[in-house]
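Have a look at the structure that comes next, please.
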Protein chains: 2
Amino acid sequence: MAYATDEILQTLRTAREGSGLSQRDLSARIGVPQSHISKIESGGTDLRLSSLVELARALDHEVVLVPRKLLPAVEAIVRNASSALSDDARLRSSVLNRAQAAVTRLNRLHQDAPGLDRLNQAFRELSNFQLGNSELEVIRRVTDRLMKLPMNRNALPVIQSASNQLRELRNRIAHAVPEAPRPAYALDEEDEDA
Amino acid sequence: MAYATDEILQTLRTAREGSGLSQRDLSARIGVPQSHISKIESGGTDLRLSSLVELARALDHEVVLVPRKLLPAVEAIVRNASSALSDDARLRSSVLNRAQAAVTRLNRLHQDAPGLDRLNQAFRELSNFQLGNSELEVIRRVTDRLMKLPMNRNALPVIQSASNQLRELRNRIAHAVPEAPRPAYALDEEDEDA
DNA sequence: GGCCCTGATATGTTATAATAGATCATTAGG
DNA sequence: CCTAATGATCTATTATAACATATCAGGGCC
């Protein structure tokens with residue numbers, strides 16, 4: 001039987017990939033070198049417990065000790081939910097891919113539009129956030145408007161409005177991020193408006 | 001909010017105590033110094049993952065990563081089962097306490113009986129083992145016979161038989177102990193008949 | 001072909017887990 | 001009072017995680 005540590009590390013990698021994060025994204029988020037994340041996920045190091053907890057939490061997981069007798073029941077719950085979660089992940093993917101296409105088209109057709117830089121930045125950051133259904137709905141509405149954009153100057157206020165909506169959404173989510181406990185490696189205090 | 005690591009370490013201590021093991025018992029079982037177990041349980045060290053897995057397994061637990069959304073469901077399963085587990089623990093305690101009383105009485109009334117030393121040793125070791133319901137039933141039957149023991153020489157074959165049954169049970173359980181994976185610290189290969 | 005992004009690997013330094021062993025303070029039982 | 005068992009604390013040594021930084025190889029896209 002495979003060591004449980006291999007399964008745990010595989011779960012970490014799957015959760016990271018499922019969140020659409022690269023190792024560098026996760027590194028930026030929690031302040032651990034990308035090379036170290038690679039080593040961890042590949043089993044090249046025997047992780048400290050506090051580091052495991054920090055990584056797990058960054059990926060919306062918790063470390064739990066479960067009586068062996070209950071392992072089948074717990075695994076069943078996790079399995080059922082991860083098919084639901086992959087539905088969520090698929091929805092997220094779908095919305096973000098369509099939004100990406102709209103943003104790409106926007107940049108091609110209106111490359112000099114005011115507010116475009118800010119819209120690009122807000123969108124890039126939103127792509128790295130955990131997004132609930134209400135946030136995805138906001139992005140979907142913005143995408144719809146960008147898809148219907150006219151070619152003429154009437155587009156400019158729509159672009160401006162889209163930029164504002166995405167930035168408001170980005171700021172709302174960024175401000176909601178809770179402060180994590182400091183483990184073996186600590187999150188640097190971020191100045192998010194910098 | 002308490003750090004997850006504190007909860008995990010508390011779960012380890014509770015599981016050890018629930019198994020009726022002292023830190024020295026656990027130390028002997030998994031080959032880690034008792035002082036280190038004390039430090040771990042008290043939060044004085046940031047445990048390696050492989051060490052956590054080894055400790056958890058020695059106490060019939062597994063380390064699992066659970067999506068945060070599912071934590072309430074998983075905690076509910078564990079909570080419900082731990083009241084069942086404490087029923088098990090109570091049954092175990094009850095059977096072992098009564099057997100202990102029978103063995104104590106036996107040692108007082110028949111201190112020179114052949115086989116008594118072996119019975120004492122088998123019983124002491126059995127007290128440190130994980131015991132299922134069938135094992136507890138064997139111990140209960142032996143206890144019943146010891147409780148009904150006559151004062152005269154007719155007791156001797158019953159004592160001998162009880163000694164044999166407990167030693168058979170002890171050997172059966174000792175031989176069933178599975179080999180564990182070798183973590184940061186490895187179980188020494190034990191010569192159990194030594 | 002060049003650029004960008006990704007995960008993996010390498011080197012060097014520092015802090016600490018793991019180990020061994022001893023000892024202490026407390027509690028319970030005879 | 002003495003003994004035994006327990007969990008906690010201490011000292012010294014060794015192996016390695018964590019971190020910083022650089023670099024590599026592969027794949028995708030233009």
Side-chain angles (χ1 to χ4, degrees), chain A residues 5 8-10 12-55 58-59 97 100-101 104 107-108 111 120 124 127-128 182-188, chain B residues 5 8-10 12-55 58-59 97 100-101 103-105 107-108 111 120 124-125 127-128 180 182-188:
Chain A
T5 55
I8 288 164
L9 303 181
Q10 184 54 45
L12 280 179
R13 188 193 288 267
T14 301
R16 174 180 61 77
E17 291 172 345
S19 300
L21 297 170
S22 66
Q23 289 176 353
R24 282 178 175 79
D25 292 331
L26 185 54
S27 163
R29 179 175 291 191
I30 66 176
V32 175
Q34 172 268 321
S35 49
H36 195 46
I37 292 174
S38 176
K39 198 169 186 182
I40 289 168
E41 290 185 356
S42 305
T45 185
D46 194 349
L47 200 54
R48 301 269 181 89
L49 175 54
S50 65
S51 306
L52 174 65
V53 167
E54 178 65 11
L55 278 165
L59 301 170
N97 285 347
Q100 178 63 65
T104 300
N107 276 271
R108 195 173 61 237
Q111 58 193 329
N120 284 333
R124 190 161 44 245
S127 299
N128 285 331
R182 301 178 84 87
Y185 47 71
L187 289 169
D188 295 329
Chain B
T5 55
I8 288 165
L9 303 181
Q10 185 55 43
L12 280 179
R13 187 191 287 267
T14 302
R16 175 180 62 79
E17 291 171 346
S19 300
L21 295 171
S22 67
Q23 289 177 353
R24 281 178 174 78
D25 292 331
L26 184 55
S27 164
R29 179 176 291 191
I30 68 176
V32 173
Q34 173 269 320
S35 51
H36 195 46
I37 292 175
S38 177
K39 198 170 185 183
I40 289 169
E41 288 184 358
S42 305
T45 186
D46 194 351
L47 200 56
R48 299 269 180 89
L49 174 54
S50 64
S51 306
L52 174 65
V53 167
E54 178 65 11
L55 277 166
L59 301 171
N97 285 346
Q100 176 65 65
V103 166
T104 301
R105 177 174 177 269
N107 276 271
R108 195 173 62 236
Q111 57 194 335
N120 284 334
R124 190 161 45 247
E125 292 180 32
S127 298
N128 285 332
R182 299 178 84 88
Y185 46 73
L187 289 169
D188 294 329

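Here is the naming used below: chain letters follow the sequence lines, and residue numbers restart at 1 for every chain.
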Exercise for the section: Check every atom of D/dA17, C/dG7, C/dA18 against the side chain of B/His36 and return the nucleotide holding the closest atom. Expected result: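 Within the option list, the nearest is C/dA18.
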Practice task
Round to a whole Å and report the spacing from CG of A/Leu21 to C1' of C/dG7.
Solution key: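 Atom-to-atom, A/Leu21 to C/dG7, this comes out as 15 Å.
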Exercise for the section: Evaluate the side-chain hydrogen bond (donor to acceptor under 3.5 Å, both in side chains) criterion for residues A/Gln10 and A/Thr14: first the C-alpha distance (whole Å), next the side-chain angles of each, then the deciding distance (0.1 Å), finally the verdict. Expected result: CA-CA 6 Å; A/Gln10 184 54 45; A/Thr14 301; 3.2 Å; yes
Problem - Any B/Ser51 side-chain N or O less than 4.0 Å from OP1/OP2 of C/dA17 - result: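 For C/dA17, neither OP1 nor OP2 has a side-chain N or O of B/Ser51 closer than 4.0 Å.
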Problem - B/Arg13: salt bridge (Lys or Arg N to Asp or Glu O under 4.0 Å) partners, not counting sequence neighbours - result: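 Salt bridge (Lys or Arg N to Asp or Glu O under 4.0 Å) list for B/Arg13, sorted by chain: B/Glu41.
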Practice task
Using a 4.0 Å heavy-atom cut-off across all strands, classify A/Ser22 as base, sugar-phosphate, or nothing.
Solution key: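 It contacts sugar-phosphate atoms only.
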Practice task
Ignoring hydrogens and angles, tell me if any N or O in the side chain of A/Ser27 forms a donor-acceptor pair with the backbone of A/Gln23 under 3.5 Å.
Solution key: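 Flag not set: sc A/Ser27 to bb A/Gln23 has no pair under 3.5 Å.
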Problem - Between C/dG7 (P) and A/Ile37 (CD1): distance, integer Å - result: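 In whole Å, C/dG7 P and A/Ile37 CD1 are 9 Å from each other.
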Handout entry: Rounded distance in Å - NZ (A/Lys39) to C1' (C/dA10)
Key =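 Those two atoms, NZ and C1', are 9 Å apart.
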Problem - First of B/Leu49 and A/Ser42 reached from the 5' end of DNA chain C, by closest nucleotide - result: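 On the 5' side of the pair lies A/Ser42.
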Exercise for the section: Respond yes when some side-chain nitrogen or oxygen of B/Arg13 is under 4.0 Å from OP1 or OP2 of D/dA8, and no when none is. Expected result: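 Indeed, a polar side-chain atom of B/Arg13 lies that close.
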Problem - Separation of atom CD in B/Glu41 from atom P in D/dT9, rounded to whole Å - result: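 Interatomic distance, CD of B/Glu41 to P of D/dT9: 13 Å.
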Problem - Minimum side-chain heavy-atom gap A/His36-A/Ile40 below 4.5 Å - result: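 Of all side-chain heavy-atom pairs linking A/Ile40 with A/His36, at least one is under 4.5 Å.
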Problem - A/Asp46 vs A/Thr5 side-chain heavy atoms within contact, under 4.5 Å - result: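 The answer is no; the side chains never approach within 4.5 Å.
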Practice task
Report yes if a side-chain nitrogen or oxygen of A/Arg48 is closer than 4.0 Å to either non-bridging phosphate oxygen (OP1 or OP2) of C/dA18; otherwise report no.
Solution key: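 No, no such contact exists.
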Handout entry: Sequence-aligned protein contact record of nucleotides 22-30 of chain C, with B where the base is within under 4.0 Å of a protein heavy atom and S where only the sugar-phosphate is
Key = B--------
Practice task
Using only side-chain N and O atoms of B/Ser38, determine if any of them is under 4.0 Å from OP1 or OP2 of D/dA8.
Solution key: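 So the side-chain polar atoms of B/Ser38 do come within 4.0 Å of the phosphate oxygens OP1 or OP2 of D/dA8, strictly under.
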Practice task
Ignoring the backbone of A/Asp46, work out which of D/dA18, C/dA17, D/dA17 is nearest its side chain.
Solution key: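 Nearest nucleotide to the side chain: D/dA17.
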Handout entry: Over all atoms of both residues, closest heavy-atom pair of A/Leu49 and B/Ile8
Key =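 Result for this residue pair: CD1-CD1, 4.1 Å.
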Practice task
Tell me, with the steps shown, if A/Ile37 and A/Leu12 meet side-chain contact (heavy atoms from CB on, under 4.5 Å).
Solution key: CA-CA 10 Å; A/Ile37 292 174; A/Leu12 280 179; over 6 Å; no
Practice task
Round to a whole Å and report the spacing from CD of B/Gln23 to C1' of D/dT9.
Solution key: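 Atom CD in B/Gln23 sits about 12 Å away from atom C1' in D/dT9.
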Practice task
In whole angstrom, give the distance that lies between atom CG of B/Leu26 and atom C1' of D/dT6.
Solution key: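 Those two atoms, CG and C1', are 14 Å apart.
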Problem - Between D/dA17 (C1') and A/Leu52 (CG): distance, integer Å - result: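 Roughly 14 Å, once rounded to whole Å.
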Exercise for the section: Can you tell me the distance, in whole Å, between the CD atom of B/Glu54 and the P atom of C/dA18? Expected result: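 Taking atom P of C/dA18 as the reference, CD of B/Glu54 is at 12 Å.
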